[in-house]
Amino acid sequence: MNFNQLIIADDFGFNQSSDQVMLDLCSLKKIDGVSVFPKYISQDQIDSMLDLRKNRGIKIGLHFNLTLDDDKNSLKSIKQLLIQSLFRPLNKELIAREFDSQLKVFKDKFNCYPDFIDGHEHVHAFPVISKIVCKKLHDIQYTGLVRYIGSRSKDVLIRSIKHGFFLKFITLEILAFGQRKHLIKNNLRFNERFDGLLPSNSSGNLVKILQGIYGSSSLQSTIIMCHPGIIGTGLKSNFFGSKDREIEKNFLNGR
């Protein structure tokens with residue numbers, strides 16, 4: 001797939017206030033699309049996204065989720081799921097059914113397949129899970145894009161060391177080897193590079209990190225994932241209520 005870059009906001013559907021921020025950024029052409037929790041979205045949101053898809057050309061993707069239940073409560077931590085996918089047997093039938101279910105919900109609500117597929121906290125690229133997802137997409141002759149998680153970038157490596165998220169970076173780079181193999185084997189389209197990694201904890205250097213992400217000269221066939229939003233009350237996860245989301249929103253608005 002030939003493109004310079006796609007800037008995609010993820011976690012759409014978890015919090016309505018942050019969802020509106022994403023829609024506003026799409027309308028202003030500050031970002032190129034959203035990755036959606038299909039089970040959490042309303043009909044009004046669906047209508048807004050389809051209107052933006054028609055008139056602004058935004059991309060609407062499936063944000064495959066294995067760590068939150070239908071009520072947005074945590075099922076297990078991402079660390080637990082990763083360790084299980086590496087060292088313990090996973091229930092392959094359960095994962096396959098859940099992917100089918102979320103894909104069906106998306107298709108029923110939007111009357112089309114997603115423009116792209118990715119995973120909440122990169123779960124679609126985990127060992128075993130990646131194989132299942134790629135095989136399922138191959139079987140339905142999926143023609144959209146699957147987000148590859150490898151950065152293949154010295155700039156991202158240096159940034160991860162400088163700002164304290166090298167472990168996250170190297171983990172994704174290792175997982176990317178297996179994911180790429182499954183993507184190619186199943187003749188699926190995917191980006192060549194991924195960017196947008198941030199420290200797990202709040203960073204006082206967030207603006208500098210964002211400047212590095214969006215100022216990179218290696219943007220050919222790159223998907224950048226972003227996390228804009230606003231600080232809200234009543235959120236069930238610090239990750240979704242992080243003040244960094246508002247900083248990222250302001251940064252994107254100023255581009």
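Throughout, residue positions are numbered sequentially from 1 according to the sequence presented. As a basis for the values below, the full set of heavy atoms in this structure was taken, side chains included, without hydrogen atoms, waters or symmetry mates. Since the model is a prediction, treat every value here as computed from it, not as a measurement.
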Any donor-acceptor pair under 3.5 Å from [X] side chain to [Y] backbone:
X    : Y    : result
Q102 : N65  : yes
Q5   : I223 : no
R152 : R193 : no
H138 : N186 : yes
Y142 : P114 : yes
S160 : L157 : yes
T67  : S77  : no

Spell out, yes or no, whether [X] and [Y] are grouped together once hydrophobic residues are joined by side-chain heavy atoms under 4.5 Å, including indirect joins.
X    : Y    : answer
I174 : L90  : yes
I158 : L167 : no
L75  : V128 : no
V105 : V133 : no
F87  : L175 : yes

Q.
Does K104 form a salt bridge (Lys or Arg N to Asp or Glu O under 4.0 Å) with D100? I'd like the steps, not just the answer.
A. CA-CA 6 Å; K104 183 179 186 303; D100 282 342; over 6 Å; no
When rounded to the nearest 0.5 angstrom, what distance separates [atom1] in [X] from [atom2] in [Y]?
X    : Y    : atom1 : atom2 : answer
K107 : I140 : NZ    : CD1   : 8.5 Å
H124 : F126 : NE2   : CZ    : 10.0 Å
L206 : D244 : CG    : CG    : 4.5 Å
F169 : R159 : CZ    : CZ    : 9.5 Å
K136 : K131 : NZ    : NZ    : 14.0 Å
R97  : I132 : CZ    : CD1   : 11.0 Å

Q.
Checking F99 now: which residues fulfil ring-ring contact (aromatic ring centres under 6.0 Å, His included) with it, not counting sequence neighbours?
A. F64
Flag if over 12 foreign heavy atoms under 6.0 Å of [atom1], [X]:
X    : atom1 : result
Q141 : CD    : no
Q16  : CD    : no
D139 : CG    : yes

Do you know which two heavy atoms are closest between [X] and [Y], and how far apart they sit?
X    : Y    : value
A9   : I31  : CB-CD1, 3.8 Å
G196 : I213 : CA-CD1, 3.8 Å
L197 : I209 : O-CG2, 4.2 Å
C226 : L252 : SG-CD1, 3.9 Å
F190 : L188 : CD2-O, 3.3 Å
S48  : L23  : CB-CD1, 4.0 Å

Between [X] and [Y], do the side chains contain an N or O donor and an N or O acceptor separated by less than 3.5 Å?
X    : Y   : value
H120 : D11 : yes
D51  : N55 : yes
K109 : Q43 : no
D118 : S35 : yes
Q45  : D19 : yes

Given side chains that start at C-beta, do those of [X] and [Y] come closer than 4.5 Å, heavy atoms only?
X    : Y    : value
C134 : K185 : no
K208 : K162 : no
L81  : V123 : yes
I7   : R255 : yes
D195 : V156 : yes

Q: May I have all residue pairs that pass side chain to side chain donor-acceptor pair (under 3.5 Å) and include part of residues 164-173, sequence neighbours excluded?
A: S151-E173
(Q) Would R180 pass as a cation-pi partner of Y148, given that its NZ or CZ must be under 6.0 Å from the six-membered ring centre and within 45 degrees of the axis? (A) yes
Q.
Whether R147 engages the ring of F194 as a cation-pi pair (distance to the six-membered ring centre under 6.0 angstrom, angle to the ring normal within 45°) should be assessed.
A. yes
**Q.** Step-by-step side chain to side chain contact (heavy atoms under 4.5 Å, CB included) determination, F37 to F14
**A.** CA-CA 7 Å; F37 290 116; F14 190 87; 4.1 Å; yes
Q | side chain to side chain contact (heavy atoms under 4.5 Å, CB included) evaluation trace for N253 with L25 | A | CA-CA 7 Å; N253 263 321; L25 289 169; 3.5 Å; yes
Q: Test side chain to side chain contact (heavy atoms under 4.5 Å, CB included) on R245 and E248 and set out the steps.
A: CA-CA 5 Å; R245 288 181 177 262; E248 199 161 354; 5.7 Å; no
**Q.** Within residues 23-48 or reaching into it, pairs that qualify as salt bridge (Lys or Arg N to Asp or Glu O under 4.0 Å) - sequence neighbours excluded
**A.** K39-D70, K39-E98
(Q) With a 6.0 Å cut-off on the ring centroids, do F12 and Y40 count as close? (A) no
**Q.** Residue among I60, I58, I8, L6 satisfying side-chain contact (heavy atoms from CB on, under 4.5 Å) with D115
**A.** I60
Q. Should Q80 and S74 be marked as a side chain to side chain contact (heavy atoms under 4.5 Å, CB included) after you check the CA-CA gap, both sets of side-chain angles, and the distance that decides it?
A. CA-CA 12 Å; Q80 288 175 317; S74 177; over 6 Å; no
